[in-house]
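Step one of this worksheet: look at the structure below.
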Number of protein chains: 2
Amino acid sequence: MATIADVAREAGVARSTVSAVLNGRKLVMPETRKRVEDAIAKLDYSVNAGARALATSRTMTIGVVVHFHRAEFTPALATYLVALSDAATGHGYSVTLLTDADGPGAVRRAVAARRVDGLVLLDVVENDPRLEPIVGTGFPAVMIGMPHDARGIDAVDLDFAAGAGLLVDHLARAGHRRATFVRWPDELYAAGGTHALRFAEAARDRAAARGMSLDEVACPVGPERVRALLAERLRRAGAPDALLVHNDAAAAMLPFALHDAGLRVPQDRSVVSLHSAELARLYALPFTSVESEPDAVVHDAVELLLRRIGAPDERPVARLVTPRLVRRESVATRR
Amino acid sequence: MATIADVAREAGVARSTVSAVLNGRKLVMPETRKRVEDAIAKLDYSVNAGARALATSRTMTIGVVVHFHRAEFTPALATYLVALSDAATGHGYSVTLLTDADGPGAVRRAVAARRVDGLVLLDVVENDPRLEPIVGTGFPAVMIGMPHDARGIDAVDLDFAAGAGLLVDHLARAGHRRATFVRWPDELYAAGGTHALRFAEAARDRAAARGMSLDEVACPVGPERVRALLAERLRRAGAPDALLVHNDAAAAMLPFALHDAGLRVPQDRSVVSLHSAELARLYALPFTSVESEPDAVVHDAVELLLRRIGAPDERPVARLVTPRLVRRESVATRR
DNA sequence: CTGAAAGCGCTTACAG
DNA sequence: CTGAAAGCGCTTACAG
């Protein structure tokens, strides 16, 4: 493998001159530059990333910290990882995966070994143990998720409250005065799933403001149980003819539960939902909905992180991604 | 951040002695070792991974190359990525993500910049363009997937032929003489999805050997279309009362198609399937099946890759992971 | 505008 | 068993 010394020799210049044309720092005579570029091409030279990192104290890599529970069951994770890698590559950064059964250990080791210039933490929840190693250190990091106390760390997330507002408004404008709010199980709210809390609070507030009443159903985990529960609720006499859904498992099973109950959308039931974009694709969900915005969220996260790497001492930032309503004709107008 | 020089000073020894206790290469007097270890603890010292990499020419990181098409639609990808990262971490390696809309570009750059010691290529297909940058270079790599021509690169995959054998045998032993073989669309076989080919060929051979006849149905893409097609085939007069499935979309929709057709499993239809483990969990599939073995496949891939990094010149290896039959009472005995 | 020198934080022969 | 020195492949002041 050719080194910068080989290139310098081939071009008949000093190594520092090669370095100068490599990273465009200094002005180099066009003719000299040409000689260097020819030598680089001839020798098929590439900068050794590790050597550059040692000299600059910049690894040009970011670590993405996957929540250890997340690995279990998550069609969305890959989308975020690939999007992160693409976004980072666009800025000349690499992405290294930080996973660990033991949670904060992977973060601590990566930071200590100076393997990464910054961190992206996926799916941050309240009191997330992965924050421990970096809180107070000023190490550049950005959370995807929005815990109540950001502890001085930058954060990006979809604006779940605004999403709830869009969906409730959509039902209200269609004339619905009552809706079943199919939501996550209570444990999730208790465990600090802040997106769930933000959605639920906003949904209740907006519904109240709109004079709409909400029947809440906390859905369990597991496709079969969800399907059975939903079918039972749908069949109940006097059930509202609109559904507001914030629960991926429920959204996925809802078409089948509706089928089980012999109900058509939108003729018999209007449905709106907030769920992950991957879920919508995987199950071809036919509902008017607000979807997660992995590309936008990741784009902002990388942008914030790189800014933070460049300016570690600026005030922490929280950024909410504006949700969009995707219309799919699952809401009928009521008189 | 403390350096090895700080530790040496603190312990009153030479840097090389610190290095020796760090990587246990040389014998160090117990008392000296203790002084060094105390200094390390006191200064909270960690080796700078980049500096070590420069000195040893070993980055201790492996690149995982994600097929650019895969990002689109794949609940299984995250499982493989997390499993890879866990397995690599267990051997002291990091994992960096190599994605690129332009396919081989990411591989070429990572190798040229000496960012990685080796590569894991996920979901390799026939004539995979990601192989181009490394074929013939001897750069350590292992494919997950088993193209017809391995081009000198190590490969690991589930033994799809053996999986087909297990499933056909299971139906045959239960007395079935005919089955509908629900398979992938023709395009997939044409495009070089070698797992599909290996399964199909083995299924036909084994069925013939068992005196079982197979009605083949190539399933299209898209949940709704799959569901409709399956329901139609299931209702047909004289349709076989057993199904052999190798198509994830079809497996996912089959419970619903059976429901649409008013058929019960196993009373009306026996079903066996080979599909991804993630799919089985996500949809709670109730079929006796052979599932992908992400943990075993990834374990073997990492093992082969590390061996290859240590011995670049040994002959290429192909390893098949033995499939297991998971019984779920979806097959009834016929007389 | 160009080049010689020092340094980034390690490891590894090689003397002692 | 321990230590001084050279080197890994870069970048960056600093002279010229």
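Naming: A, B, ... by sequence-line order, numbering from 1 per chain.
- One interatomic measurement links the two molecules: CZ of A/Arg15 to P of C/dC1, which rounds to 22 Å at whole-angstrom precision.
- Listed by residue number, the members of residues 40-50 of chain A with any heavy atom below 4.0 angstrom from DNA chain C form an empty set.
- Following rounding to the nearest Å, B/Asn23 (CG) and C/dG9 (C1') show an atom-to-atom distance of 14 Å.
- Minimum heavy-atom separation, B/Asp157 to B/Gly145: OD2-CA, 3.4 Å.
- The phosphate of C/dC10 (OP1 or OP2) has no side-chain N or O of B/Ser19 nearer than 4.0 angstrom.
- Among the nucleotides D/dG9, C/dT11, D/dG3, the one closest to any side-chain atom of B/Thr17 is D/dG3.
- Salt bridge A/Asp6/A/Arg9: present, at least one basic N to carboxylate O contact under 4.0 Å.
- For A/Ile4 and D/dT12, the CD1 to P distance is 11 Å, given to the nearest whole Å.
- For the pair A/Thr32 and C/dT2, the criterion of a side-chain N or O lying under 4.0 Å from OP1 or OP2 is met.
- Between the CZ atom of A/Arg52 and the P atom of D/dC8 there is a distance of 19 Å, given to the nearest Å.
- We find that CZ of A/Arg35 is positioned 11 Å from C1' of C/dT2, with the value rounded to whole Å.
- For D/dT2, neither phosphate oxygen OP1 nor OP2 lies less than 4.0 angstrom from any side-chain nitrogen or oxygen of B/Ser16.
- With pairs defined as Watson-Crick or G-U wobble and both atom distances under 3.5 Å, the stems of at least three pairs that touch DNA chain C come out as C:1-3 with D:14-16, C:5-12 with D:5-12, C:14-16 with D:1-3.
- Donor-acceptor pairing under 3.5 Å is recorded for the side chains of A/Asp86 and B/Thr99.
- How far CG of B/Leu54 is from OG1 of B/Thr59: 12.0 Å, rounded to the nearest 0.5 Å.
- For A/Asp128, the salt bridge (charged side-chain N to carboxylate O under 4.0 Å, His left out) criterion is met by A/Arg130, not counting sequence neighbours.
- Closest non-hydrogen pair, B/Pro147 versus B/Thr194, comes out as CA-CG2, 3.8 Å.
- Atom CG in A/Leu54 sits about 12 Å away from atom P in C/dT11, given to the nearest Å.
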**OP:** Could you please spell out the steps behind the side-chain hydrogen bond (donor to acceptor under 3.5 Å, both in side chains) verdict for B/Ser94 and B/Thr61?
**Re:** CA-CA 4 Å; B/Ser94 298; B/Thr61 107; over 6 Å; no
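- Regarding B/Asp6, its CG atom lies at a distance of 13 Å from the C1' atom of C/dC8, rounded to whole Å.
- The distance from atom CE of B/Met29 to atom P of D/dT2 is 5 Å, rounded to the nearest whole Å.
- Checking each of A/Asp117, A/Asp313, A/Asp154 against A/Arg308 for a side-chain hydrogen bond (donor to acceptor under 3.5 Å, both in side chains) leaves exactly one that passes, namely A/Asp154.
- Residue whose closest nucleotide on DNA chain D sits further toward the 5' end, between A/Ala20 and A/Met1: A/Met1.
- When each of B/Thr79, B/Thr89, B/Val298 is paired with B/Leu84, the side-chain contact (heavy atoms from CB on, under 4.5 Å) condition holds for B/Val298 and for no other.
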